[in-house]
Every structure is written in C-alpha cells, then in structure tokens.
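Whatever order the structure lists ligands and atoms in, that order sets their numbers, starting from 1. For reference, positions follow the sequence shown, starting with 1.
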Amino acid sequence: MKNIEIDGLNFELLIKEEDILCSIKLLSQKLNDSYSGEWPVILVVLNGAIFFAGELLKHIDEFVEFSCVKVHSYDGKVSSGNIIIDYIPCCDIIKNKKVLLIEDIVDTGLTLDFLTKELKKRGAKDVECVTLLFKPHKYNFPNLPKYIGFNIRDEFVVGYGMDLNQKGRGLKNIYKNINN
Ligand code: IMP
C-alpha cells in the first residue's frame, strides 16, 4: 500500500480497511451482548467518528436512539488543551438516560472526560464510550473507555474519519505519521 502525504507530512499504512471492518463487527457484537433490550442513547462525536459510527450502527440489532455532539480542541497535529462545544443535543435527549459515546480516537482523554462531565451536568445518568482507536500511553485519566477497537502507540493517525487539518477523513485505511 502506498504512503501518502498530507500538508507536507508523510504517512504509512497502519491498519487496513478489512481489519478495521473486522474490529467494528466484533465491537458491535460486544455492544449487542451488553445492551440487549436496554440500549443507551448513542451520541456520535463529530466529525471524526462519523465513518466508524456509520459502520458500527449497521450491525446493531435493535432500533436505537441516537444524536451527535461536536467539540473541537485540535489545531493540526496538536491539541490546544481547550475544548469548545460546537453542538450538544438538548437536555430532553439525555436527561435521566444512559449515554454511549462513539469516538473515533481517544488520545489524552481530555475530550472524553470533558464530555462525560458535561453530559452528566446536563442530566445523563451514566456515560460510557466505544472508541475505534485508543492511545494508552497518552491517556491521563483513571477510567478507560469501555469498548476499544485498537490500542495504538503515541502516533498521529489519519483516515477512516480522522484528519489532519480536515484532510484525510475519507481514506479507507488508517495511516500513521512517519515524520518524527
Ligand atoms: P483527546 O481529548 O486528547 O483524547 O483527543 C481527542 C480528539 O483529538 C479526537 O476525538 C480527535 O479529534 C483528536 N485526535 C487525537 N489524536 C488524533 C490523531 O492521531 N489523529 C487525528 N485526530 C486525533
């Protein structure tokens, strides 16, 4: 598989599409087993999780209620450390409900921690997370995401929803930066 370049940075293949799809199927089986008959409200964390969520939801056995939440903190390859809410659903959707966040990638955990607290403040009973990728060596919080597709090293990735400067989201495979 060819290396790719985005905004002057070079990337090589990390996870190919068939392995991503296989992992998503396994995750959906775990979710179906865990939540059978009692699904939480699903919140897709935009923009990155849109591809992952689309594939995951195809394999969910029941009708589930879902909405989106949109925050941002990244500038290029670096997190600003400051989370800004672009969109969060109205309280009726989450009040007294259990919530499952669908994330593309959990890195330091700041976004997940922020969203968990914010949703609980707005009345959510409980917040859990399913993430396609997890960077265990960068994660700074005690509670791990409950469902994880792949653990990866401390490397910057693009593809399957993840971007560099809004580029690369549509790539079918996941690529890692090889500049440093
Ligand atoms: P955290 O708050 O540090 O866990 O970062 C979460 C968000 O940062 C993710 O939802 C992504 O939007 C972005 N992010 C973190 N690592 C990467 C990466 O390697 N590639 C692309 N986006 C990333």
Side-chain angles (χ1 to χ4, degrees), residues 1 3-17 19-20 23-24 27 42-57 66-89 99-122 124 127-180:
M1 198 88 43
N3 288 3
I4 56 165
E5 191 191 316
I6 301 177
D7 285 354
L9 296 184
N10 297 306
F11 292 82
E12 73 178 17
L13 182 68
L14 179 64
I15 310 171
K16 50 181 195 306
E17 185 188 18
D19 294 332
I20 299 171
S23 166
I24 297 177
L27 282 171
I42 288 181
L43 290 186
V44 182
V45 185
L46 299 176
N47 293 321
I50 199 157
F51 291 76
F52 172 41
E55 185 59 33
L56 189 74
L57 290 168
F66 83 92
S67 184
C68 300
V69 54
K70 189 170 187 302
V71 293
H72 69 270
S73 63
Y74 259 60
D75 184 13
K77 267 174 69 183
V78 186
S79 170
S80 69
N82 217 357
I83 298 176
I84 292 144
I85 300 177
D86 298 317
Y87 172 75
I88 200 155
V99 173
L100 176 68
L101 289 168
I102 303 188
E103 267 281 20
D104 51 348
I105 183 161
V106 175
D107 178 294
T108 62
L110 205 66
T111 309
L112 179 56
D113 181 67
F114 173 86
L115 281 174
T116 303
K117 287 181 179 148
E118 195 60 38
L119 292 165
K120 285 188 173 167
K121 230 196 286 172
R122 291 166 191 247
V127 181
E128 289 180 336
C129 174
V130 53
T131 183
L132 181 60
L133 301 185
F134 180 53
K135 297 184 189 172
H137 302 295
K138 283 195 73 189
Y139 193 70
N140 282 327
F141 293 86
N143 299 324
L144 301 183
K146 187 155 187 196
Y147 306 95
I148 296 169
F150 298 92
N151 285 304
I152 63 166
R153 298 153 81 119
D154 177 10
E155 47 210 0
F156 189 81
V157 297
V158 294
Y160 211 81
M162 286 157 286
D163 71 304
L164 171 65
N165 300 328
Q166 301 302 326
K167 294 172 194 150
R169 290 194 200 278
L171 294 162
K172 292 190 177 117
N173 306 300
I174 294 173
Y175 296 82
K176 66 172 184 181
N177 178 221
I178 49 170
N179 280 73
N180 42 27

Could you give the distance from NZ (K135) to CG (N151), rounded to the nearest 0.5 Å? 12.5 Å

Would you compute the distance between atom CG of L164 and atom CG of L9 and round it to the nearest 0.5 angstrom? 5.5 Å

Can you tell me if [X] has a non-hydrogen atom under 4.0 Å from ligand 1?
X	result
G109	yes
L133	no
E155	yes

For ligand 1, which atoms sit closer than 4.0 Å to a heavy atom of [X]?
X	result
K135	16 (N), 17 (C), 18 (C), 19 (O)
D163	21 (C)
D107	1 (P), 3 (O), 4 (O), 5 (O), 15 (C), 16 (N)

For R153, check salt bridge (charged side-chain N to carboxylate O under 4.0 Å, His left out) against everything at least two apart and list the hits.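 Here no residue qualifies.
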
N179 side chain near F156 side chain, heavy-atom distance below 4.5 Å: no

On a heavy-atom basis, I'd like to know which of I174, L112, T108, V157 is closest to atom 3 (O) of ligand 1.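 Minimum heavy-atom distance to atom 3 (O) of ligand 1 goes to T108.
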
Shortest heavy-atom approach to atom 23 (C) of ligand 1 - which of I105, L46, D113: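 Answer by nearest heavy atom: I105.
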
Heavy-atom distances under 4.0 Å are what count here, so tell me which part of D104 touches ligand 1: side chain, backbone, both or neither.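 Within the 4.0 Å criterion, D104 contacts ligand 1 through side-chain atoms alone.
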
Over all atoms of both residues, closest heavy-atom pair of Y139 and L112: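 Scanning both residues completely, I find the closest heavy atoms to be OH-CD2, 4.1 Å.
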
Is there a nitrogen or oxygen of I83 sitting under 3.5 Å from a nitrogen or oxygen of ligand 1? no

Which of parallel (below 30°), tilted (30 to 60°) and perpendicular (above 60°) describes F51 and Y160?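 Rings of F51 and Y160: tilted, as their planes differ by 30° to 60°.
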
Donor-acceptor pairs under 3.5 Å, side chain of residues 140-150 to any protein atom, not counting sequence neighbours: which ones?
from	atom 1	to	atom 2	distance (Å)
K146	NZ	E128	OE2	3.2
Y147	OH	S34	OG	3.0

